[in-house]
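Just so it is clear, the values below take in all heavy atoms, side chains as well, and ignore hydrogens, waters and symmetry mates.
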Amino acid sequence: VMTQTPATLSVSPGEGATLSCRTSDTVGSNLAWYQQKPGQAPRLLIYGASTRATGIPARFSGSGSGTEFTLTISSLQSEDFAVYYCLQYKNWPPMLTFGGGTKVEIK
Amino acid sequence: EEQLLESGGGLVQPGGSLRLSCAASGFTFHTYAMSWVRQVPGKGLEWVSGISGSGGSTYYADSVKGRFTISRDNSKNTLYLEVKSLRAEDTAVYYCAKHQLAHPYNWFDPWGQGTLVTVSS
């Protein structure tokens, strides 16, 4: 089971945001973060818990291992308001598992 | 540039069937595992099925096991998902996504834009 908190985060532009993802079983560093905007496919931000994907701005950072993970956005830009999902890919087979998502909205 | 383009979605009656396709370009298709992920409109993401690069190994979520069949044609750079015995709760946007290795024990990137399957009478 993957639990993301909070479900919704209200943030003013320029402020920072911290999103949490907790897994029921340890997954090591086998965790990724995705950003999804309305009407678009998810976009990879972070893999291996802390490695930024190609082209992802440095304001996005990931940390954690085992069962507790964090995505930090240091200074929110207008384009960062979206839904963020974590994905674990260790407990395989039989399946990969997404968290329920955190919506980051404009305060 | 790596690209994925899904097709085959549409309106189908409960109990009906569809075949979804995902055309891949910009990478050596047979080298990479692929998966299907779905999203009920307004809801979260759910991994549905995955397949190894060779096609020799397939995996399914419990919610679709026995009803969905994943396959690939490496000569055509195309991924498929046969969906049968469809239920209202299968209504979703279906995305195909590329893994980073030949086996699916890793993250997805990129994703296609998705194809909408609507199950309704």
Side-chain angles (χ1 to χ4, degrees), chain A residues 1-8 19 21 23 25 27-56 60 62 69 71 82-105, chain B residues 1-6 9 22 24 26-27 32-52 56-66 68 70 92-116:
Chain A
V1 177
M2 304 276 288
T3 303
Q4 285 189 246
T5 56
T8 303
L19 288 65
C21 177
T23 64
D25 296 319
V27 299
S29 296
N30 296 295
L31 188 115
W33 289 93
Y34 292 86
Q35 176 194 68
Q36 188 179 33
K37 297 179 181 179
Q40 297 185 14
R43 171 196 182 197
L44 177 68
L45 299 175
I46 302 285
Y47 61 91
S50 61
T51 302
R52 271 191 304 277
T54 302
I56 301 303
F60 291 92
F69 299 88
L71 175 70
V83 180
Y84 293 83
Y85 295 95
C86 57
L87 165 74
Q88 72 82 13
Y89 47 88
K90 179 182 186 287
N91 289 340
W92 177 291
M95 61 189 296
L96 298 96
T97 312
F98 288 94
T102 292
K103 181 179 181 180
V104 178
E105 63 178 23
Chain B
E1 181 188 4
E2 299 179 344
Q3 290 191 330
L4 301 169
L5 183 63
E6 301 94 336
C22 171
F27 62 97
Y32 298 96
M34 301 289 294
S35 275
W36 289 95
V37 177
R38 69 183 179 182
Q39 184 172 38
V40 174
K43 302 297 184 182
L45 300 166
E46 179 190 18
W47 173 81
V48 170
S49 181
I51 187 168
S52 62
S57 297
T58 57
Y59 308 89
Y60 298 93
D62 288 343
S63 58
V64 305
K65 203 171 292 183
F68 289 12
I70 191 171
V93 174
Y94 286 73
Y95 296 100
C96 66
K98 169 185 169 284
H99 287 272
Q100 301 307 295
L101 297 169
H103 63 73
Y105 308 137
N106 48 84
W107 61 98
F108 316 109
D109 184 49
W111 301 51
Q113 282 304 300
T115 188
L116 176 62

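Residue Val48(B) does not touch chain A at all, counting heavy-atom pairs closer than 4.5 Å. Contact of Gln100(B) with chain A is not made at all, since no heavy-atom distance falls under 4.5 Å.
Here CG of Leu45(B) is found 5.5 Å from CD of Gln36(A). Values are rounded to the nearest 0.5 Å. For the atom pair CD of Glu46(B) and OG1 of Thr97(A), the computed distance is 10.0 Å after rounding to the nearest 0.5 Å. In this structure, CZ on Phe98(A) lies 9.0 Å from CD on Gln39(B), to the nearest 0.5 angstrom. Note that CZ of Phe108(B) is 16.0 Å distant from OH of Tyr47(A), once rounded to the nearest 0.5 Å. One distance of note links CG of Asn106(B) with CG of Leu87(A); it measures 9.5 Å at 0.5 Å rounding.
Note: Trp107(B) and Tyr89(A) have tilted aromatic rings, judged against thresholds of 30 and 60 degrees for the angle between ring planes. By the 30° and 60° cut-offs, the orientation of the rings of Tyr34(A) relative to Trp111(B) is perpendicular.
Between Ala41(A) and Gly112(B) the shortest heavy-atom distance is CB-O, 3.1 Å. Gly39(A) and Gln113(B) make their closest contact through O-OE1, 4.2 Å (heavy atoms, listed as atom of the first residue, atom of the second, distance). Closest heavy-atom contact between Tyr95(B) and Gln40(A): OH-O, 3.6 Å.
Of the listed residues (Ala32(A), Gly101(A), Pro42(A), Gly100(A)), the greatest number of heavy-atom pairs within a distance under 4.5 Å of chain B belongs to Pro42(A).
Within 6.0 Å of NZ in Lys43(B) there are 12 or fewer heavy atoms belonging to other residues, nucleotides or ligands.
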